Amino acid sequence: MSAPIMHGGGVTEAADAFGGEPKDWLDLSTGINPNPVSLPDIPVNAWHRLPDSHLVDTARNAAARYYRSSDILPLPVPGTQSVIQLLPRMAAPARRVAIFAPTYGEYARVFLAAGFAVDEISASDQLTPEHGLAILVNPNNPTGRVYPPGEIAALARRMKATGGILLVDEAFGDMQPDLSIVPFVAEYDNLIVFRSFGKFFGLAGLRLGFVIAGDPVLSDFREWLGPWSVSGPALMIAAASMNGDTNAVQSAITERKAALEHVLHRAGLKIIGGTPLFTLVEHRQAARLHTLLCRAHILTRKFDYAPSWLRIGLAPDISGDTRLAEALRRADLA
């Protein structure tokens, strides 16, 4: 069995190591909106009954409007991690898998555990006909690298010519909708898009995502996941949130991101990337800074493959900004 991937979160483990109650920690280790949207009223029967098809249909139609998927109804899934686990079933066993790296580590882990040969690449010209599946996270986690839709569409055409599949993970795409490749999915039957619901709406605990692809791919995922894979309350919350005032959510995230970068600039940290939901900084003493922040009960995300990097998420309010700024001042890493 492959080793587990280091992720953001894990406040309980951090509190065990550095003290304090988990509820008192400032968790900046994730790329999740720190101010979740208000939940709609959920009728009791949504908790009492298995999710009826009309709840699924309502959520799928809301997702189609929200993700600008006019020709395909997105498939709700219990978090995109659930379908990442299923990807080896979709890939040709005799062909290699290409992953645009560095990126979310679960893709490589899942394919390596299934016995696939995995190549981590940095540019599309490193793809070869031996690659039966390519994975691109756009915008990327943690670097924030972006590829324009036209370039991704060209990559899908190239993969199609050799019978390959292109998977595009747009988990952090809500704030940059013009980067989405979703409008091209109906044109390319070898193109699959994963979308995360919980990051932008601040509801990661709901465990909800969407797959956008042609009918054969959606049918496969539906069969592999089995019936009632997404709960009725989750479907209702998704529909209400995606049909709600998302401009207000975007404005709040933009404000929080600006506040974070102001704190980091004043601390003299070098910003090298990120998305609207997190910032990536580089520092020669990043590991020490991570530890010092933990001692202040502030959790950030470090990387074993890039020891000079720290990913820092958004604080929920001004008091969180002030707390981070004070901890950075006390760290004195100049």
Side-chain angles (χ1 to χ4, degrees), residues 4-16 20-44 46-51 55-56 58-60 62-63 66-67 74-86 104-106 141-142 169-175 194-211 225-226 228-246 248-250 252-253 256 275-278 297-301 311-317 320:
I5 298 294
M6 182 188 298
H7 295 292
V11 172
T12 300
E13 291 81 0
D16 287 343
E21 294 295 324
K23 64 182 178 61
D24 297 324
W25 276 64
L26 177 61
D27 185 5
L28 305 181
S29 68
T30 71
I32 299 168
N33 180 354
N35 296 300
V37 298
S38 299
L39 297 179
D41 291 331
I42 305 294
V44 173
W47 302 99
H48 174 65
R49 296 173 55 85
L50 291 169
L55 295 182
V56 178
T58 300
R60 296 186 74 182
Y66 180 72
Y67 295 130
L75 176 70
V77 299
T80 49
Q81 183 62 47
S82 69
V83 281
I84 290 175
Q85 302 294 133
L86 297 173
Y104 184 57
E106 287 291 339
N141 172 24
D169 183 333
E170 295 182 351
F172 290 96
D174 297 64
M175 293 288 289
F194 286 174
R195 296 295 300 242
S196 170
F197 175 82
K199 292 180 174 61
F200 175 76
F201 291 103
L203 298 171
L206 202 65
R207 307 311 305 133
L208 179 65
F210 289 88
V211 178
L225 290 168
W228 314 300
S229 62
V230 177
S231 72
L235 294 168
M236 295 189 73
I237 290 169
S241 300
M242 289 187 289
N243 285 332
D245 182 9
T246 56
V249 183
Q250 290 180 3
I253 290 172
R256 292 282 78 231
T275 73
L277 284 169
F278 62 81
H297 298 169
I298 298 173
L299 186 60
T300 57
R301 169 73 162 90
R311 192 187 70 189
I312 304 176
L314 310 183
D317 49 33

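Computed from a predicted structure; not experimentally measured.
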In this structure, CG of L28 is separated from CG of L299 (nearest 0.5 Å) by 8.0 Å

Query - Test log, rule side chain to side chain contact (heavy atoms under 4.5 Å, CB included), inputs L39 and I237 - result: CA-CA 7 Å; L39 297 179; I237 290 169; 4.0 Å; yes

Side chain to side chain donor-acceptor pair (under 3.5 Å) filter on N243, not counting sequence neighbours, yields R65

ring-ring contact (aromatic ring centres under 6.0 Å, His included) filter on F197, not counting sequence neighbours, yields F201

Sorted by chain and number, sequence neighbours left out, side chain to side chain contact (heavy atoms under 4.5 Å, CB included) with Q250 holds for M175, F200, N247

On a heavy-atom basis, the closest approach of A239 and A62 is CA-CB, 3.9 Å

Self-check item: Pairwise side-chain contact, V77 with F194, heavy-atom cut-off 4.5 Å (strictly under)
Solution: no

Rounding to 0.5 Å, atoms CD (Q81) and CZ (R207) come to a distance of 7.5 Å

Nearest heavy-atom approach of G31 to F278 is CA-CD2, 4.1 Å

- Message: Run L75 and F210 through side chain to side chain contact (heavy atoms under 4.5 Å, CB included) and show every step you take.
- Response: CA-CA 5 Å; L75 176 70; F210 289 88; over 6 Å; no

For G320, is there any backbone N or O sitting under 3.5 Å from a side-chain donor or acceptor partner on D317?
yes

The reported gap from CZ in R311 to OG1 in T300 (rounded to nearest 0.5 angstrom) is 9.5 Å

Those residues at least two apart in sequence (or on a different chain) that pass salt bridge (Lys or Arg N to Asp or Glu O under 4.0 Å) with R256 are D321

D174 meets the salt bridge (Lys or Arg N to Asp or Glu O under 4.0 Å) criterion, sequence neighbours left out, with R195

Sorted by chain and residue number, the side chain to side chain donor-acceptor pair (under 3.5 Å) partners of N35 (sequence neighbours excluded) come out as none

Closest non-hydrogen atoms of L55 and G232, given as atom of the first, atom of the second and distance, are CD1-CA, 3.9 Å

Closest non-hydrogen contact found for I32 with A204 is CD1-CB, 3.5 Å

(Q) Would you say CG of D24 has more than 12 non-hydrogen atoms from neighbouring residues, nucleotides or ligands within 6.0 angstrom? (A) yes

By side chain to side chain donor-acceptor pair (under 3.5 Å), D169 pairs with (sequence neighbours left out) Y107

Between the OG1 atom in T30 and the CG atom in L277, the distance rounded to the nearest 0.5 Å is 8.5 Å

Closest non-hydrogen contact found for M236 with A46 is SD-CB, 3.6 Å

Between A234 and L206 the two heavy atoms that sit nearest each other are CB-CG, 3.9 Å

Across all chains, not counting sequence neighbours, the side chain to side chain contact (heavy atoms under 4.5 Å, CB included) partners of A15 are P22, W25

Report task. Check the pair E21, H297 against side chain to side chain contact (heavy atoms under 4.5 Å, CB included), reporting the backbone distance first and the verdict last. Result -> CA-CA 9 Å; E21 294 295 324; H297 298 169; over 6 Å; no

- Query: Less than 4.5 Å apart, any side-chain heavy atom of L235 and any of V56?
  - Reply: yes

### Evaluation steps, side chain to side chain contact (heavy atoms under 4.5 Å, CB included), between T275 and N141
CA-CA 8 Å; T275 73; N141 172 24; over 6 Å; no

Residues passing the side chain to side chain contact (heavy atoms under 4.5 Å, CB included) test with P78, sequence neighbours excluded, are S82, L225, S229, V230

Hits for side chain to side chain contact (heavy atoms under 4.5 Å, CB included) against P34, two or more places apart or cross-chain, chain-then-number order -> L314, P316

